[in-house]
Amino acid sequence: MGLKVNTIRQARVCNLVLFVISDRSFVFQECILSGMMSVSGKKMSVSGKKVLHMDRNKYYGGASASICPLADFYERFNMGTPPAEFMNGRDWNVDLIPKYLMANGQLVQLLIHTGVTRYLEFKSIEGSYVMKGGKVYKVPADGKEALTTSLMGIFEKRRFKKMLEFIQNFDEDDPKTWNITISNKPTCAKDVTMEQLYAAFGVDHNTIDVTGHAIALHLNDDYIKKNCLDGIKRIKLYFDSLSRYGKSPYLYPLYGLGELPQGFARLSAIYGGTYMLDKPCDEIVMEDGKVVGVRSGEEVAKCKMVICDPSYIPEKCNQVGKVVRAICILKHPVPNTNNSLSCQIIIPQNQVQRKSDIYVCCVSYTHQVAAKQFFLATVSATVETDNPELEIKPGLDLLGPIEQKFVSVDDLMEPTDDGICNQVFISKSYDATTHFETTCLDVLDIYRRATGGDFDFSQVKHTSLDDEQC
């Protein structure tokens, strides 16, 4: 079935310049970008871009959807019918790819800027944890916790505390905060690697694992040989986010991540955009090497720019890996997390002899995503062997008894073309992480390529959700 004629005519009349199409893996990035461009245009006193957003699915969110009722989730994995003990199926909103937001991160600022937060309510994640030596430990939240944690020995605690204090006081614009001592010589911290920074404070390899992976959220150890500025900024972001709400640096929307794209659909209507569910895209129409429209059935919507995922132009993408995820239904909190109703656990690569980390996240009925007294935990990792499910066993072993498990393996795709010449901008797949930091980098990169300039965060008047929601 083609696009309705009156919809196409409306799009042409309002000079459609941006066409967003999304499928099962990438809708969240496209939603943010459509909001950034349509809203930014008005705030910069230039013509705001008109957006037509098409989604092949009958529901909002693609792979970032929250599936309800539970029977639909079971059907998606060919698992039959949910057992009666899981109670009312409409009490469940199961994320296909659960991820958390950093409370003081750029993604939250983007959401506030677009105004979509008026349709959303967030809840703080209760705890941030890391695995060391097969045991789960709380990540120290400040210098005081660094001195009392059982994660380290007494002398290591003091070294770790000194390093955190240096990083917290570091100011890129204040040279007085740059000085550290390496090999008994005063050195400018801006000129050293993370490896040298760690060595300057004498911290051991376990502390490096905790800092680099559970706090700075690096995906692997490649960062150690690079300049330390990025690592310092990441660590400062973690603790700045932690200071917002106290329990952990992470936030999660009530009723699941599917609320985010649904909020953007409402926002789109306010700014004159059109959002169409259950609408296939049959062809991206090109002329002289540039996009001129998108065809659905026999109808063509004219446009000057397209943002889409790799499934629409697979010849312009490369597979760069795979991600394995196991979504698990539990009747209890994750053990050794102080009975937290929500948490994140990162298993650093060196703890399980891998090349990349394993991620565990858990939300519960308090987030309106599960029936009363039930929990949803997800374990994910980048695939490194021919037995993906076995790779995430260290994470699954942390969960305790599992009522039901749903395992998937998805391709990681990246575009080979920057899109500047043909004006077709392709997003990347979601990675294995249980946070949105890497997704946000992809969003900002596409925005830069599509508009010719970096997003101006000075446009964001508020940086806290409290300013929007209180």
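Reckoned from all heavy atoms, side chains included, excluding hydrogens, waters and symmetry mates.
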Enquirer: Any side-chain heavy atom of Arg325 within less than 4.5 Å of one from Ile97?
Expert: yes
Enquirer: Take Val139 and Ile215 through the test side-chain contact (heavy atoms from CB on, under 4.5 Å) and record every step on the way to the result.
Expert: CA-CA 8 Å; Val139 177; Ile215 297 177; 3.6 Å; yes
Enquirer: Are the charged groups of Lys331 and Glu85 less than 4.0 angstrom apart, N to O?
Expert: yes
Enquirer: Under 6.0 Å between ring centres, would you say that holds for Phe406 and Tyr74?
Expert: yes
Enquirer: Among residues at least two apart in sequence or on other chains, which ones pass ring-ring contact (aromatic ring centres under 6.0 Å, His included) with Tyr359?
Expert: none
Enquirer: Charged N to carboxylate O under 4.0 angstrom, Asp397 versus Lys393?
Expert: yes
Enquirer: Please report the interatomic distance CZ(Arg234) to CE(Met194), rounded to the nearest 0.5 Å.
Expert: 10.0 Å
Enquirer: Determine, stepwise, if the pair Leu70 / Val94 fulfils side-chain contact (heavy atoms from CB on, under 4.5 Å).
Expert: CA-CA 7 Å; Leu70 186 60; Val94 186; 4.0 Å; yes
Enquirer: Measuring only between side-chain heavy atoms, which start at C-beta, is Arg118 closer than 4.5 Å to Arg266?
Expert: no
Enquirer: Considering only heavy atoms from C-beta outward, does the side chain of Phe455 approach that of Leu110 to under 4.5 Å?
Expert: yes
Enquirer: Could you state the interatomic distance from CE (Met54) to SG (Cys308), rounded to the nearest 0.5 Å?
Expert: 11.5 Å
Enquirer: In the structure I gave you, are the side-chain heavy atoms of Ser128 and Lys138 within less than 4.5 Å of one another anywhere?
Expert: no
Enquirer: Aromatic contact between Trp92 and Phe73, with the criterion being ring centroids under 6.0 Å apart: yes or no?
Expert: no
Enquirer: With the side chain counted from C-beta on, respond yes when Glu259 and Leu254 share a heavy-atom pair under 4.5 Å apart, and no when they do not.
Expert: no
Enquirer: Check this for me, if you would: do Asp91 and Lys372 make a salt bridge, where the nitrogen-to-carboxylate-oxygen distance has to be below 4.0 angstrom?
Expert: no
Enquirer: Does the separation of the ring centres of Tyr223 and His218 fall below 6.0 angstrom?
Expert: yes
Enquirer: Consider side-chain hydrogen bond (donor to acceptor under 3.5 Å, both in side chains). Of Glu384, Gln349, Glu391, His213, which one does Ser356 pass it with?
Expert: Glu384
Enquirer: Is the gap between the ring centers of Phe374 and Tyr365 under 6.0 Å?
Expert: no
Enquirer: So that I can tick it off, tell me whether Lys355 and Asp222 are bridged by a salt bridge, with the cut-off set at under 4.0 angstrom between side-chain N and carboxylate O.
Expert: no
Enquirer: What's the verdict on side-chain contact (heavy atoms from CB on, under 4.5 Å) for Leu111 and Phe122, showing C-alpha distance, side-chain angles and the deciding distance?
Expert: CA-CA 12 Å; Leu111 296 179; Phe122 292 85; 4.3 Å; yes
Enquirer: Strictly below 4.0 Å, N to O, side chains only: are Arg449 and Asp418 in salt-bridge contact?
Expert: no
Enquirer: Counting N and O atoms only, with roles assigned by atom type, does the side chain of Tyr252 sit under 3.5 Å from a partner on the main chain of Pro98, one being a donor and the other an acceptor?
Expert: no
Enquirer: Do Arg90 and Asp72 pass the salt bridge (charged side-chain N to carboxylate O under 4.0 Å, His left out) test, and can you show the C-alpha distance, the side-chain angles, and the key distance before you say yes or no?
Expert: CA-CA 10 Å; Arg90 293 205 167 272; Asp72 287 359; over 6 Å; no
Enquirer: Hey, are Asp230 and Lys233 close enough for a salt bridge, meaning a charged N less than 4.0 Å from a carboxylate O?
Expert: no
Enquirer: Closer than 4.0 angstrom, basic N to acidic O: yes or no for Glu389 and Lys405?
Expert: yes
Enquirer: Going by an N to O cut-off under 4.0 Å, is there a salt bridge joining Lys322 and Asp411?
Expert: yes
Enquirer: Pair Ser340, Val334 - check side-chain contact (heavy atoms from CB on, under 4.5 Å), show working.
Expert: CA-CA 7 Å; Ser340 297; Val334 175; over 6 Å; no
Enquirer: With a 4.5 Å limit on heavy-atom distance, are the side chains of Leu237 and Gln106 in contact?
Expert: no
Enquirer: When rounded to the nearest 0.5 angstrom, what is the spacing between CG in Leu101 and CG in Leu107?
Expert: 4.5 Å
